[in-house]
S.K.: 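Below is the structure I would like to discuss, written out as structure tokens.
Proteins get letters first, then strands, A, B, ... in listed order; numbering begins at 1 in each.
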2 protein chains.
Amino acid sequence: MNDDAMDLRTRNKRATRDAISNAALRLAIEQGPSGLALVRVHDIASAAGVSPRTYNNYFSSREEAICALQADQAGRAGRALRARPAGEPLEQAVVAAMVELYTDPEPDRAGLRMIMSTPELEGEALKAFTMAEGPLAEAIAARTGADPERDLFPAVTAASVAGAIRVAGRHWLAPGNTDSFAAVLTRALSCVFPATHPS
Amino acid sequence: MNDDAMDLRTRNKRATRDAISNAALRLAIEQGPSGLALVRVHDIASAAGVSPRTYNNYFSSREEAICALQADQAGRAGRALRARPAGEPLEQAVVAAMVELYTDPEPDRAGLRMIMSTPELEGEALKAFTMAEGPLAEAIAARTGADPERDLFPAVTAASVAGAIRVAGRHWLAPGNTDSFAAVLTRALSCVFPATHPS
DNA sequence: CCACAAACTTGCGTGCCACGCATCAAGTGC
DNA sequence: GCACTTGATGCGTGGCACGCAAGTTTGTGG
């Protein structure tokens with residue numbers, strides 16, 4: 001995962017990929033939610049210093065490029081949960097893992113708002129979130145000892161956690177909100193685990 | 001909602017819309033998950049007996065057309081919950097409403113499998129599901145008396161319910177499963193409400 | 001240090017698609 | 001029956017995804 005751990009080829013690939021994704025997100029934010037159609041592939045490619053054909057080697061749609069960072073982050077959810085100490089209760093582990101994952105760094109308000117207020121982008125982000133549910137469910141199953149094949153609890157809980165994160169994002173973006181994302185996220189996740197709630 | 005309740009124009013519109021959507025889903029199923037790209041707009045339109053331009057007046061992508069039925073059904077979730085008797089406890093009301101919504105009729109295995117095993121379609125279906133969460137959250141808030149603006153419980157629960165329905169669908173489709181969808185759905189939803197679990 | 005192989009980037013061409021616009025036909029209210 | 005509304009269709013335009021075949025950069029063995 002560290003840059004030094006990969007060879008030059010892989011590092012360059014990641015660099016161009018990130019460049020394209022960042023350029024796409026930046027341009028999308030500039031145009032705003034209603035002007036997504038104005039963000040042309042040509043613009044993204046030239047902003048990233050790459051040819052349109054190369055852009056297409058990495059992403060097969062503008063939505064995918066714009067949401068790539070968000071998608072990558074969501075994809076780390078399973079690993080984040082597994083990184084928690086084994087003895088930790090499920091709720092604590094999930095909350096700690098997700099808070100850690102989504103507060104380093106604090107999400108970018110403009111980017112998140114862009115994605116969550118644009119139907120096409122929301123669909124793409126949702127897809128990324130859902131792809132992350134599988135590993136997350138496996139991590140939950142590993143922690144609770146449940147059989148992922150017969151017991152629905154791990155998968156449902158993973159979906160609920162993903163849903164809570166989305167709700168937290170929406171609420172955090174709401175006008176007049178002053179709480180940190182970590183605080184909102186913790187509150188949202190506490191709604192998922194009422195049975196194990198301490199009080 | 002009844003055909004007789006609308007004028008001719010509206011009925012025709014719904015008829016062509018349904019025709020296009022059904023044709024799209026049927027053709028998609030014929031080609032299978034891997035051959036989605038082979039389902040051309042021209043084919044959908046001619047199968048539905050309309051011009052390609054008319055297809056485009058109703059849907060702006062093949063994915064949207066294929067998932068339209070699924071989307072319409074999900075959109076009725078909020079109404080279904082509100083239709084439950086007011087005094088009924090939340091869990092019972094949710095389970096009853098969702099079981100009623102999703103067992104009349106029993107979902108089509110081929111269609112559901114097609115949608116859930118094709119990334120592009122899954123994204124579209126996810127978007128539809130998420131659109132339905134808003135009304136569902138409002139219905140939950142109305143039933144529990146929570147303030148949707150300040151309390152995250154209704155939105156998180158709505159997202160969890162939607163997630164549970166997705167998980168139930170996936171599990172129901174799994175090879176070797178013999179349970180009815182209603183049974184799987186009830187099991188999945190019970191994971192969302194552990195606090196009020198009877199046992 | 002050098003050549004060779006693997007992999008990435010790029011330009012070009014093709015087929016498909018979304019959508020604006022103008023026109024035609026069907027339905028509706030008076 | 002007539003003017004009006006609204007949906008259906010044809011046509012043209014701009015844009016996009018992707019296969020293909022160079023050209024270029026990077027990693028490796030001699």
S.K.: Restricting to non-hydrogen atoms, name the atom on B:Ala37 and the atom on B:Arg62 that form the minimum distance, rounded to 0.1 Å.
M.R.: O-NH1, 3.8 Å
S.K.: Nearest nucleotide by nearest heavy atom, which residue falls closer to the 5' end of DNA chain C, B:Arg62 or B:Asn12?
M.R.: B:Arg62
S.K.: Is there a side-chain polar atom (N or O) of B:Tyr58 under 4.0 Å from OP1 or OP2 of D:dG7?
M.R.: no
S.K.: Expressed as a whole number of angstroms, how long is the span from B:Leu38:CG to D:dA17:P?
M.R.: 18 Å
S.K.: Using whole Å, report how far CD1 of A:Ile44 lies from P of D:dG15.
M.R.: 13 Å
S.K.: Roughly, in whole Å, what's the span from CG in B:Asn56 to C1' in D:dG12?
M.R.: 14 Å
S.K.: Please lay out, stage by stage, how A:Asp179 and A:Arg187 fare under the test side chain to side chain contact (heavy atoms under 4.5 Å, CB included).
M.R.: CA-CA 11 Å; A:Asp179 298 338; A:Arg187 267 214 293 155; 4.2 Å; yes
S.K.: Does a side-chain N or O from B:Thr16 land closer than 4.0 Å to OP1 or OP2 of D:dA8, or not?
M.R.: yes
S.K.: Is the distance from OP1 or OP2 of D:dA8 to the nearest side-chain N or O of B:Thr54 less than 4.0 Å?
M.R.: no
S.K.: Is there a donor-acceptor contact under 3.5 Å from the side chain of A:Ser21 to the main chain of A:Ile66?
M.R.: no
S.K.: Rounded off to whole Å, could you give me the CD-to-C1' distance for the B:Glu63 and C:dA18 pair?
M.R.: 12 Å
S.K.: Between B:Lys13 and D:dT6, is there a contact of a side-chain N or O with OP1 or OP2 at under 4.0 Å?
M.R.: no
S.K.: How long is the line joining CD of B:Glu120 and P of D:dA17, in whole Å?
M.R.: 12 Å
S.K.: Where each residue is assigned the nucleotide of DNA chain D containing its nearest heavy atom, which of B:Arg9 and B:Val50 is assigned the position nearer the 5′ end?
M.R.: B:Arg9
S.K.: May I ask you to say what B:Tyr55 touches in the nucleic acid, namely base, sugar-phosphate or nothing, with a heavy-atom cut-off under 4.0 Å?
M.R.: sugar-phosphate
S.K.: Does B:Arg40 place a side-chain N or O at less than 4.0 Å from the phosphate oxygens OP1/OP2 of C:dC16?
M.R.: yes
S.K.: Look at the side chain of A:Arg53 and decide which nucleotide, out of D:dT6, C:dC8, C:dT10, has an atom nearest to it.
M.R.: C:dT10
S.K.: Side chain of B:Val41: nearest nucleotide among D:dG10, D:dC16, C:dA18?
M.R.: C:dA18
S.K.: Please work out if A:Phe59 contacts a base, only the sugar-phosphate, or nothing of the nucleic acid, heavy-atom cut-off 4.0 Å.
M.R.: nothing
S.K.: For the residue pair A:Leu90 and A:Arg143, what are the closest heavy atoms and their distance?
M.R.: CD1-CD, 3.9 Å
S.K.: How many Å lie between CG on B:Leu8 and P on D:dA8, as a whole number?
M.R.: 12 Å
S.K.: In whole angstrom, what separates A:Asn57's CG from D:dG23's P?
M.R.: 18 Å
S.K.: Taking atom types as modelled, find out whether B:Thr54 and B:Asn57 have a side-chain donor-acceptor pair closer than 3.5 angstrom.
M.R.: no
S.K.: How many whole angstroms separate atom CZ of B:Arg14 from atom P of D:dA8?
M.R.: 14 Å
